[in-house]
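Each remark here refers to the structure printed beneath this line.
Scope of the values below: all heavy atoms of this structure, side chains included, with no hydrogens, waters or symmetry mates.
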Amino acid sequence: MFRKVHIRLTLLCTGITAVIMIIMSLCYLYVSETGLYRNQFQSFQNDINTITTNLEQQSVISMEWLSKMEAQGNYLFYVLDGGVPFLYNQLNDTPENSSRSHLLEECRNAYERIIEVDASSERNSSYASFHSEFRFVSQSTGVEYFGSVINMGQNASSLEIIVLSSLQTLEKQILEQRFHFILIDLAAILALTVFSWLFTGLLLKPIMENHQKQVQFVASASHELRTPLA
């Protein structure tokens with residue numbers, strides 16, 4: 001009887017503590033992951049501001065500059081001058097690299113679907129530049145991206161630069177964090193089980209001793225009562 005009570009108390013204590021610990025872990029993961037995405041997005045916006053400033057100061061966008069920017073920030077660039085792709089993008093639009101152009105087209109569609117831009121006032125000025133950042137999931141690759149569309153106008157010409165940043169590195173970091181939390185929670189639950197077993201054993205020990213004394217007293221009293229009656 002006491003063994004069953006011991007097991008049930010151990011499971012009860014472990015279960016309640018484990019549930020509280022798991023809920024707290026999930027809350028921490030939610031706050032942490034939200035902060036990681038927010039910081040990454042802010043960093044992406046700062047990079048776009050820097051890129052836009054550099055573009056405004058340049059009279060010519062060279063292929064070397066685009067290649068350097070892609071290598072430094074792990075970005076993808078797609079430049080359209082009056083709706084016509086730059087030579088840099090035309091060279092990259094090969095059958096072996098068709099996913100690149102398809103991905104950038106998905107980014108452009110996501111921009112038109114997510115962002116509502118009323119830029120008529122900016123486009124009417126002699127020189128204007130504006131950009132919008134957003135987050136979307138590629139249907140072809142299943143990977144999540146930060147995207148930005150930079151629109152620049154000078155007199156009658158218009159320039160559109162699409163910038164993509166993959167979140168695979170961030171998602172890998174989040175998965176590793178979740179895996180570590182799972183291992184920590186499992187180890188903590190195991191330690192809680194051992195502690196609960198020892199703790200409930202100490203709580204039940206006086207009760208078991210009193211019960212044993214009662215059994216011995218009843219047995220002795222029964223023996224003493226049976227002897228004179230016999």
Side-chain angles (χ1 to χ4, degrees), residues 26-58 61-81 83 85-86 88-94 96-119 122-123 128-153 158-181:
L26 292 175
C27 292
Y28 173 81
L29 286 175
Y30 174 78
V31 173
S32 175
E33 292 174 12
T34 302
L36 287 173
Y37 276 110
R38 183 176 59 253
N39 294 336
Q40 187 82 358
F41 189 68
Q42 289 176 351
S43 176
F44 178 70
Q45 286 180 317
N46 292 334
D47 290 345
I48 295 299
N49 288 330
T50 303
I51 291 170
T52 304
T53 302
N54 290 336
L55 288 171
E56 290 174 347
Q57 296 173 355
Q58 297 184 56
I61 301 177
S62 64
M63 295 175 60
E64 181 182 358
W65 183 84
L66 289 172
S67 178
K68 182 179 179 180
M69 293 301 296
E70 284 192 347
Q72 285 182 347
N74 196 23
Y75 294 143
L76 290 179
F77 279 78
Y78 200 81
V79 186
L80 297 170
D81 187 6
F86 262 32
Y88 177 80
N89 299 118
Q90 293 177 1
L91 294 175
N92 286 325
D93 288 344
T94 60
E96 293 80 8
N97 204 19
S98 58
S99 59
R100 176 189 174 101
S101 59
H102 185 64
L103 178 61
L104 292 166
E105 185 63 28
E106 285 183 331
C107 178
R108 197 175 185 186
N109 293 335
Y111 167 73
E112 295 174 354
R113 184 176 65 254
I114 298 173
I115 305 295
E116 295 181 359
V117 182
D118 184 12
E122 290 90 341
R123 289 176 180 172
S129 64
F130 56 94
H131 55 86
S132 301
E133 287 73 52
F134 51 93
R135 180 174 162 186
F136 78 102
V137 179
S138 171
Q139 298 298 324
S140 59
T141 61
V143 179
E144 197 167 10
Y145 292 88
F146 286 145
S148 177
V149 177
I150 306 171
N151 290 280
M152 305 184 69
S158 63
L159 192 67
E160 185 179 62
I161 302 100
I162 301 173
V163 186
L164 276 178
S165 175
S166 174
L167 298 181
Q168 282 184 310
T169 303
L170 179 60
E171 290 174 350
K172 182 179 179 182
Q173 179 183 352
I174 288 174
L175 287 176
E176 289 179 353
Q177 181 177 260
R178 291 178 180 177
F179 179 72
H180 291 156
F181 262 84

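For Q40, the side-chain hydrogen bond (donor to acceptor under 3.5 Å, both in side chains) criterion is met by no residue, not counting sequence neighbours. Scored by the side-chain hydrogen bond (donor to acceptor under 3.5 Å, both in side chains) test, Q168 finds no partners at all (sequence neighbours excluded).
Here I174 contributes atom CD1 and T169 contributes atom OG1; the two are 11.0 Å apart, rounded to the nearest 0.5 Å. One finds the CG atom of L66 at 11.5 Å from the CG atom of L76 (value rounded to the nearest 0.5 Å). Y75 OH to S165 OG: the interatomic distance, rounded to the nearest 0.5 Å, is 5.0 Å. Within the model, atoms CD of E56 and CD1 of I150 stand 9.5 Å from one another, a figure rounded to the nearest 0.5 Å. Annotation: the span from I161 atom CD1 to L55 atom CG amounts to 5.0 Å, rounded to 0.5 Å. Summarising the geometry, atom CD belonging to E106 is positioned 9.0 Å from atom CZ belonging to R113; distances are rounded to the nearest 0.5 Å.
Side-chain contact between V149 and S132 is absent, with no heavy-atom pair separated by less than 4.5 Å. Within the 4.5 Å cutoff, side-chain heavy atoms of N49 are placed close to those of H131.
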Worksheet item: Going through the checks in order, is the side-chain contact (heavy atoms from CB on, under 4.5 Å) test met by N151 and L159?
Response: CA-CA 6 Å; N151 290 280; L159 192 67; over 6 Å; no
Discussion item. Using side-chain contact (heavy atoms from CB on, under 4.5 Å), reason through Y145 and R135 one step at a time and then give a plain yes or no.
Written reply: CA-CA 6 Å; Y145 292 88; R135 180 174 162 186; over 6 Å; no
Practice prompt. Check step by step if side-chain contact (heavy atoms from CB on, under 4.5 Å) holds for L80 and R108.
Written response: CA-CA 11 Å; L80 297 170; R108 197 175 185 186; 3.2 Å; yes
Item to complete: Could you walk me through whether F41 and F134 pass side-chain contact (heavy atoms from CB on, under 4.5 Å), step by step?
Response: CA-CA 9 Å; F41 189 68; F134 51 93; 5.9 Å; no
Side-chain polar contacts of residues 26-39 - donor-acceptor pairs under 3.5 angstrom, sequence neighbours left out - could you list them?
residue	atom	partner	partner atom	Å
S32	OG	Q177	OE1	3.3
S32	OG	Q177	NE2	3.4
E33	OE1	R178	NH2	2.9
E33	OE2	R178	NE	2.8
E33	OE2	R178	NH2	3.4
T34	OG1	Y30	O	2.7
N39	ND2	G35	O	3.1

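Nearest heavy atom pair, residue S148 against residue I48, reads OG-CG2, 3.4 Å. Shortest non-hydrogen contact noted between G147 and C107 is CA-SG, 4.2 Å.
L164 pairs in a side chain to side chain contact (heavy atoms under 4.5 Å, CB included) with only one of the listed residues (F146, F136, F77), which is F136.
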